[in-house]
Amino acid sequence: MTTTAKIAWTGISKRFGAQVVLDGLDLAVAPGRSLALLGRSGQGKSVTLKLALGLMKPDAGQVLLDGVDVTRQSEAERRASFRGIGMLFQGGALFDSLPVWENVAFRLINADGVGRAEARERAVEALSLVKLAPEVADRYPSELSGGMQKRAGLARAIVGTPSLLFFDEPTTGLDPITAGAINELIRDRVTSLGCTAVSITHDMASARTIADELAMLDNGRIVWRGRADELDHADHPLVRAFVTGQSME
Amino acid sequence: MGLFSTNPVAALGRATLEGVAAIGRVGLFAARGISAALSPPWYPRQIIAQFASVGFLSLPVVGLTAWFTGAALALNIYSGGDRFNAETVLPQIVALGITRELGPVLAALMLAGRVASAMASEIGAMRATEQIDAMVTLSTDPRRYLIAPRLIAATISLPLLTLITDIIGVAGGMQVSNYLIDLSPGIYIANTMDFLTAWDVESGLIKSAVFGFIIGLMGCYHGDSAKGGARGVGRATTSAMVSAAVLILAADYLLTSVFALK
Amino acid sequence: MRASWAETIMGFAVLAFAALMLTYALGVSGLKHSSGTYEVSARFGEAGGIQPGAKITVSGVKVGSVSDVTIDPKTYLAVMHLSLSKDVKLPSDSTAKITSDGLLGGAHIALMPGGAEDDLKPGSEINNTQGAVDLFGLIGQFIRPQSGSPAASSADSAAKAPAAAASAAPKAAADLPEM
Ligand SMILES: Nc1ncnc2c1ncn2[C@@H]1O[C@H](COP(=O)(O)OP(=O)(O)OP(=O)(O)O)[C@@H](O)[C@H]1O
Ligand SMILES: [Mg+2]
């Protein structure tokens, strides 16, 4: 690797009590590339993203963001570096005390000092990108369906055009048509805006659209990594099982 | 390894260490909360929203409590105090009791039930659903956005509520004395106003500012350290309320002794 | 913040009530110096629990209140400053008597109009007074008669016998600030 990776996990280990979740994970994503992180449920994909955001501390290893170790950063430094990062949480994590538009515009209003009128405009714009109508803007998260909440969370992640995007299962719970639109949106962020993206997904069709590269997480390590077009010829049994949708023996 | 599985001395030692560690955690949490409350950036909308929910919306419950307390106090002085002619100074005793002790303490206890628990469950739920993590990724410090406004609003609202309690408590006493001993409202108030000193009221307000801080702190601390989903949030809510109430009463005794000895 | 209307209205109602009560309180405590009253004084041998603010009646109807209670340092008599309504003109030989509504009721001052031609002037003094009846002293003497005449309810005799009951009240009040 000649250029510095946009984001790199090096030798990351993470344990919860006796349960070892990550065990010397190594993974790097180059700037302007889109990576899909695959893996069976409960293998630590969400934990991997949270470690990258410094929301959890690893037991060993480093997370390098533009070459800087975020695990040793102070909280204030980390918050500053978050200005270039957008994150969609698996559960949406919308603020249920705020209407949808204020959720989407949260960073603009509270960290970037954008006026409320302008912030609202940009929030409605972002909502239209995720196929949510402007009427939704004034509703509260509890009044939205699960898929709508997910898309509102997605709008919150992309507003303000951050250069590094993390999506935890962006299309789970969406119908194929809306899912397709979301896949296009993520793809577009990477190709036309030059963002770096790391997306967790269980949906292979989605993974092929979104990602330049794929990585399979299993037993705390990356067990396979390759380009989207290499998927069908992969000889790793777990990857094959993912592609064919059959259970492994 | 449970508390009872080893010898009692070790268990006692562990419990003590755990207690000391808890005090340390609360102290650290308080210090960080205060420093966030005292330095920019502030979030005025959040602060105003907290004033509305902590202060304004507590008015009905605090007002009712004050009225009944003032009325019951007057009744008690009338029926129990006649042993030493206390009913001749009924307005004065009600005024003293309300301003110095019952007003601040009862308003604080009502808020411990209404506000500390609500704060704990709200912040606990936000923790459980990753909203606090999300806030951090949106470059916003939850300590400034969530904790500081609550601490500020609770510390300032409670003295204001206590002032209302003082007034309504006296009104309750006045109403009871009016029908009980035919003491005219005018005389009742005149007696009260002549008798009360500024310090009677001020000392109550100083106490209630401390109580307000305790309420905000316990609500936020227990909410922030809630673990384990809905059950954890439920536990946090209860601990917030109980610990706030106990600390309020302890602080009341401490502050009152300081005031009495000064 | 999505508070219901009812809660908001209740909040304002409580605020309004407190504001009303406060205005009333400030109004009452300022009444002593209002222009609708005039001040006279009266000396009593025994104040008997009369506090500033106690009501003053004529034939049971309130006509004013006690604005101040002081002690005359020479004669040791209690000096009551009475604030009376301007509408009530009283003859100069009227009598002021400390009385109470019942055995344990609120002490007040009852005025009994005399028959003189001229009225009490503002700032003048009511000369005919009857101090507080020392009920407990009376009862005590009734049970254990002592030599001499029984206590009359005149200013002189009441002044000589410090009343146990009456002195208990101010003492209780003085103790309270330490609670
Ligand atoms: N805060 C936590 N405390 C304890 N254990 C945790 C915590 N967070 C995650 N884990 C454990 O770590 C493991 C990995 O969790 P993670 O959420 O990363 O799974 P995942 O790969 O994202 O699964 P899914 O595809 O179902 O979302 C799980 O076994 C989980 O029990
Ligand atoms: Mg996950």
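Convention: sequence-line order gives letters A, B, ...; per-chain numbering from 1. Heavy atoms only: backbone and side chains are in, while hydrogens, waters and symmetry mates are out.
The two atoms that bring Asn110(A) and Tyr43(B) nearest to each other are O-OH, 3.4 Å, heavy atoms only. The two atoms that bring Thr140(B) and Ala111(A) nearest to each other are OG1-CB, 4.3 Å, heavy atoms only.
When the shell of 6.0 Å around CZ of Arg231(B) is examined, it contains 12 or fewer heavy atoms from other residues, nucleotides or ligands. Within a 6.0 Å radius of NZ in Lys57(A), more than 12 heavy atoms belonging to other residues, nucleotides or ligands are found. Atom CZ of Arg114(B) sits in a crowded spot, with more than 12 heavy atoms from other residues, nucleotides or ligands closer than 6.0 Å.
Of the atoms belonging to Arg144(B), not a single heavy atom falls under 4.5 Å from chain A.
Here CZ of Arg79(A) is found 12.0 Å from CG of Leu138(B). Values are rounded to the nearest 0.5 Å. Interatomic distance, Tyr145(B) OH to Phe106(A) CZ, rounded to the nearest 0.5 Å: 4.0 Å. In this structure, the separation between CG on Leu53(A) and OG1 on Thr137(B) is 6.5 Å, given to the nearest 0.5 Å. Residue Glu75(A) holds its CD atom at 5.0 Å from CZ of Arg143(B), rounded to the nearest 0.5 Å.
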Test side chain to side chain contact (heavy atoms under 4.5 Å, CB included) applied to Met87(A) and Glu130(B), step by step: CA-CA 12 Å; Met87(A) 164 83 178; Glu130(B) 299 184 320; over 6 Å; no
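Side chain to side chain, Ser139(B) and Arg107(A) meet the donor-acceptor criterion of an N or O pair below 3.5 Å.
Ranked by heavy-atom pairs shorter than 4.5 Å toward chain B, the options Ile109(A), Leu88(A), Leu94(A) are led by Leu94(A).
Glu122(B) places a side-chain heavy atom less than 4.5 Å from the side chain of Ser97(A).
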